[in-house]
*Asks:* 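Submitted below is the structure of interest, expressed as C-alpha cells.
For the numbers below, each heavy atom of this structure counts, side chains included, while hydrogens, waters and symmetry mates do not. Throughout, a chain's letter reflects where its sequence line sits, starting with A, and its residues are numbered from 1.
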Amino acid sequence: MNETREVGELLRWQAARAARQAPPPPRAAALLEQIRPWWERWPERFRQLADSLAALDVRYGHAATDPRPNRDGFLVPTVVVRTQAEDRTHSSILYFAISGGRLRLRFQVMPAPDVLPTKAEVTFVDAATARALLVAPVEAASSGEYRVEAELPEKVAAAWCDLKVTDRMPFHLIVQQVEA
Amino acid sequence: MSLNVGPQSGGSVASTALAPVECGASCPAGVRALCGGDCRDERFRRACEWAERGAEARRNGDEANAEQAFRAALAQLLAVIEGAGPLTESGWSLEAVLFAARCALDAGAVDESRRLIDLCDCPLVVPVDGVMVELRDIDAWPDVWLVAAVRSAAPDERALDVLARRHWPALFGRCQILTACRDQAADLAQEAWCRVLRRREALKPGGNFPAYLQRVATNLWRDWLRANQRAGVLGETRLGSLDAEVSSDGESRTLIDVVPDWTALEGAAAAQLQEEVQEALSRLAPLLRDVLVARFLDGESCAEIGRRHGRTEQTVSGWIRRGVQEIQVYLKQSPVIGQLHSTP
C-alpha cells in the first residue's frame with residue numbers, strides 16, 4: 001500500500017465517518033428564506049436607499065461643470081449604511097475587470113465618512129431602473145477603499161463586459177455594515 | 001378534466017380514431033409494446049421526438065433547450081390525454097400519462113407532474129437508468145428530477161428537502177475535513193447550499209450534482225482562506241513557511257506503520273482514531289488541509305494545485321510531504337494510537 005493511497009484512504013474514511021455523524025440538514029424553507037436578498041425582505045428600506053441614490057445622481061449631474069470625464073472617470077453615487085447612520089456620498093472606481101463572469105472591483109468612497117464599516121457588503125443598483133442587481137461582501141482596504149470579487153449574473157456580465165474604469169458606470173452602490 | 005381508472009376489457013381508447021402512423025425509434029418501449037408499432041396518434045410521436053431532443057440537449061449540457069424540448073413533449077401529451085377516454089391499466093392512454101409525468105419532471109414542472117400523477121390511483125412505476133421508480137415516492141426520484149425541480153425561479157420545496165437530505169452528509173463530511181471543526185463545517189456546508197441556490201439557474205440536472213456541491217463548498221473555503229491571508233489573519237508567513245524544505249531523514253513515510261488498520265476498527269476504537277485524526281488535521285495549516293483534500297480526495301495533480309497557488313509542482317509536492325509528515329508525527333506520538341496498536 002503506497003503512501004498516496006493510504007493518506008487518501010484515511011481521509012476518505014475520516015470524511016465518511018464525519019458524514020455519518022452529520023447534524024440534520026437544513027430545511028428547504030429555511031434555506032430559501034436565507035437566500036432571499038435583503039431588498040426583497042425589506043422592500044421599503046431598499047426603496048428609500050434607491051431614492052437617495054437617484055437624488056445623488058441628479059445632484060451630481062447638475063453640479064458637474066465639465067461633462068467630459070476626467071482621467072479618474074465618473075463618480076458613482078454611493079450610500080454608506082452603518083448601524084446608527086447613513087452617509088450619502090460618491091465612489092471613485094479604481095479598478096474594474098470582468099473575467100469568466102467574475103467581477104473584480106476596487107472603489108474608494110469619496111469623501112469617506114468619518115467611520116467606514118470594515119465588515120460590509122455592497123449592493124449594486126441599476127442606475128437606469130433602480131433595481132438591485134446583486135450583493136457581494138467587500139473587503140475594506142485602507143482610507144475608504146474597498147475590494148470586491150463577485151460572480152455576476154450572466155446578463156449583467158454580458159452588459160458590463162466592455163466597461164472601463166473611465167466609463168460612466170451603469171450602477172450605483174449601497175455599502176452596508178454587516179453584523180460581526 | 002378527470003380520468004377514471006377502471007378495469008376495462010380490450011384496453012382500447014375511446015378517442016378520435018386517426019390513421020395509424022409508423023412509430024419512430026424514439027417511442028417509449030412500453031408504448032411500442034402496446035401499439036405494436038402502429039402509433040395511434042401523431043401527437044404522441046411528436047412528443048417522443050421532442051423528448052429525444054430534450055434528452056440529447058441535456059446530455060450536451062444545454063439546459064435551456066432541454067427544458068424547452070421537454071415542455072414541448074409535455075404539451076403534445078397533454079393534448080393526447082385530454083382527448084382520450086377512461087384510463088385503463090393496460091391502455092396506452094395510461095402510458096401517455098406516465099410519459100407526460102416524466103416529461104413534466106424532466107422539465108422541472110413538478111406541479112404539473114403531481115397533477116398528472118393524481119389522475120391515477122394505480123401504481124405509477126417507470127424505469128429510470130435501469131431502476132424502477134414509483135413516481136409518487138419523491139424520495140426515490142433521481143437527482144435529475146430533483147435538480148430540475150429546484151432550479152426554477154420558484155424552487156419546489158419538497159424536492160429541495162429530499163436533495164438536501166440526500167447530499168448533506170457527504171457534503172458535511174468534506175467540510176469537516178476542510179475546516180477541522182464541526183461547527184465551521186456545518187456553516188460552510190450551509191453556505192455552500194445557499195450559494196448553489198442563489199445561482200440555481202446555472203444548475204444542470206444532467207450533471208453530477210453532489211460533485212458540484214462539494215466543489216462549491218471547497219471554493220468557498222478557498223475564498224475564505226485567501227481573504228484571511230490578505231487580511232493577515234493567517235499571515236503570508238504561513239504560506240512562506242510551507243515552502244521551507246521538508247526534511248527527508250529516511251524515516252518511513254507510510255501511515256500503516258503508525259496507524260492501526262482503520263478499516264478493521266469498530267465502535268469505541270474507531271471513534272478514538274477518528275478523534276485523533278481530526279486533531280492531527282486541525283493542527284495542519286488550513287492551506288495544507290486544502291492541498292491534501294485537493295490531492296487525495298479530488299485527485300488533482302501537483303501541477304494543477306501549483307497553478308492555483310502560483311507555485312511549482314515540486315513545491316506542492318513538498319507541501320504534501322509536509323502535510324503527511326505532520327499527520328504521521330502527531331499520530332505516532334499519540335498515546336491513544338499507541339493503545340489502539342497494543343489492543344488485540
Side-chain angles (χ1 to χ4, degrees), chain A residues 1-38 40 100-102 104 106 118-119 121 133-142 145-157, chain B residues 150 155-177 182 185-186 189-191 193-195 197-202 223 226-227 230-231 252-256 259 262-263 270-271 273-274 277-278 281 292-293 295-297 299 320-321 323-324 327:
Chain A
M1 189 186 287
N2 67 33
E3 166 208 309
T4 301
R5 267 179 50 211
E6 278 179 0
V7 174
E9 283 169 12
L10 182 62
L11 289 179
R12 276 189 288 278
W13 177 85
Q14 187 78 0
R17 280 194 66 90
R20 284 200 289 278
Q21 294 155 7
R27 297 303 309 271
L31 283 172
L32 293 174
E33 180 58 26
Q34 204 172 334
I35 65 165
R36 275 180 78 205
W38 70 269
E40 283 183 16
R102 210 167 164 79
R104 295 206 339 265
R106 271 192 303 119
T118 49
K119 199 166 164 51
E121 56 186 23
L133 295 171
L134 72 143
V135 62
V138 289
E139 286 172 44
S142 56
E145 197 176 304
Y146 286 109
R147 183 188 279 126
V148 183
E149 240 187 83
E151 200 88 27
L152 293 176
E154 220 171 285
K155 286 184 181 155
V156 173
Chain B
V150 157
D156 186 79
E157 279 195 31
R158 284 168 56 191
L160 180 54
D161 267 327
V162 172
L163 206 57
R165 258 200 318 273
R166 186 177 291 178
H167 297 297
W168 174 259
L171 174 66
F172 178 83
R174 154 74 61 115
C175 293
Q176 174 109 357
I177 299 286
R182 191 176 164 84
Q190 178 135 345
E191 189 51 39
W193 263 106
C194 287
R195 182 166 284 201
L197 288 172
R198 284 190 197 106
R199 298 190 58 237
R200 59 187 178 276
E201 75 283 352
D223 287 346
R226 268 196 296 272
R230 276 199 293 262
S252 166
R253 292 182 286 126
T254 62
L255 289 175
I256 201 86
V259 181
W262 52 84
T263 58
L273 176 62
Q274 182 186 357
V277 172
Q278 180 69 18
L281 288 171
L292 291 180
V293 165
R295 180 76 188 92
F296 296 120
L297 292 189
I320 288 167
R321 276 201 304 281
V324 173
I327 292 175

*Asks:* Check the surroundings of atom CZ in A/Arg104: do more than 12 heavy atoms from other residues, nucleotides or ligands lie under 6.0 Å from it?
*Replies:* no

*Asks:* Checking B/Leu171 against chain A: side chain, backbone, both or neither under 4.5 Å from a heavy atom?
*Replies:*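 It is neither, since no heavy atom gets under 4.5 Å.
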
*Asks:* Contact part of B/Arg199 toward chain A, heavy-atom cut-off under 4.5 Å: side chain, backbone, both or neither?
*Replies:* side chain

*Asks:* Between B/Trp168 and A/Pro23, is any pair of side-chain heavy atoms under 4.5 Å apart?
*Replies:* yes

*Asks:* What's the spacing between B/Ile327 CD1 and A/Leu11 CG if we round to 0.5 Å?
*Replies:* 6.0 Å

*Asks:* Under the salt bridge (Lys or Arg N to Asp or Glu O under 4.0 Å) test, which residues partner A/Glu145, sequence neighbours left out?
*Replies:* A/Arg106

*Asks:* Between B/Val293, B/Asp156, B/Leu197, which has the largest tally of heavy atom pairs under 4.5 Å with chain A?
*Replies:* B/Leu197

*Asks:* So what's closer than 4.5 Å to chain A heavy atoms on B/Glu157: side chain, backbone, both or neither?
*Replies:*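 For B/Glu157, heavy atoms of backbone and side chain both lie under 4.5 Å from chain A.
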
*Asks:* For B/Ala270, is it the side chain, the backbone, both or neither that has a heavy atom under 4.5 Å from a heavy atom of chain A?
*Replies:*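 When you check distances to chain A, atoms from both the backbone and side chain of B/Ala270 fall under 4.5 Å.
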
*Asks:* Closest heavy-atom contact between A/Ala19 and B/Pro169?
*Replies:* CB-O, 3.1 Å

*Asks:* Below 4.5 Å, heavy-atom pairs only: which of B/Arg174, B/His167, B/Arg182, B/Arg158 has the largest tally toward chain A?
*Replies:*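 Winner by heavy-atom pair count: B/Arg182.
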
*Asks:* Does any heavy atom of chain A fall under 4.5 Å from the side chain of B/Ala164, the backbone, both, or neither of them?
*Replies:* both

*Asks:* Who in residues 147-157 of chain A is close to chain B, using a strict under-4.5 Å heavy-atom cut-off?
*Replies:* A/Arg147, A/Glu149, A/Glu151

*Asks:* Would you mind checking which part of B/Ala159 comes under 4.5 Å of any heavy atom in chain A, side chain (CB onward), backbone (N, CA, C, O), both or neither?
*Replies:*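 Neither the backbone nor the side chain of B/Ala159 comes within 4.5 Å of chain A.
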
*Asks:* For A/Ala18 versus B/Phe172, what's the shortest heavy-atom pair and its separation?
*Replies:*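 Between these two residues, the closest heavy atoms are O-CD2, 3.6 Å.
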
*Asks:* Side chains of A/Gln21 and B/Gln274: donor-acceptor distance under 3.5 Å anywhere?
*Replies:* yes

*Asks:* Check B/Leu297, B/Ile177, B/Leu273 against A/Gln14 for a side chain to side chain contact (heavy atoms under 4.5 Å, CB included) and give me the one that passes.
*Replies:* B/Ile177

*Asks:* Can you tell me which portion of B/Gln278 sits under 4.5 Å from chain A's heavy atoms? Options are side chain, backbone, both or neither.
*Replies:*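 For B/Gln278, the contact with chain A is made by backbone and side chain together.
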
*Asks:* Would B/Gln190 and A/Gln34 count as having a side-chain donor-acceptor pair, cut-off 3.5 Å?
*Replies:* yes

*Asks:* At a heavy-atom separation under 4.5 Å, does B/Asp223 approach chain A through its side chain, its backbone, both, or neither?
*Replies:*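 When you check distances to chain A, only side chain atoms of B/Asp223 fall under 4.5 Å.
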
*Asks:* Taking B/Asp161 for the side chain and A/Ala28 for the main chain, is one N or O donor matched with an acceptor at less than 3.5 Å?
*Replies:* yes

*Asks:* To the nearest 0.5 Å, what is the distance between CZ (B/Phe296) and CD (A/Glu9)?
*Replies:* 11.0 Å

*Asks:* Can you say whether B/Arg200 sits under 4.5 Å from chain A via the side chain, the backbone, both, or neither, judging by heavy atoms?
*Replies:* side chain

*Asks:* To the nearest 0.5 angstrom, please state how far the CZ atom of A/Arg36 sits from the SG atom of B/Cys194.
*Replies:*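 If we round to the nearest 0.5 Å, A/Arg36:CZ and B/Cys194:SG are 13.5 Å apart.
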
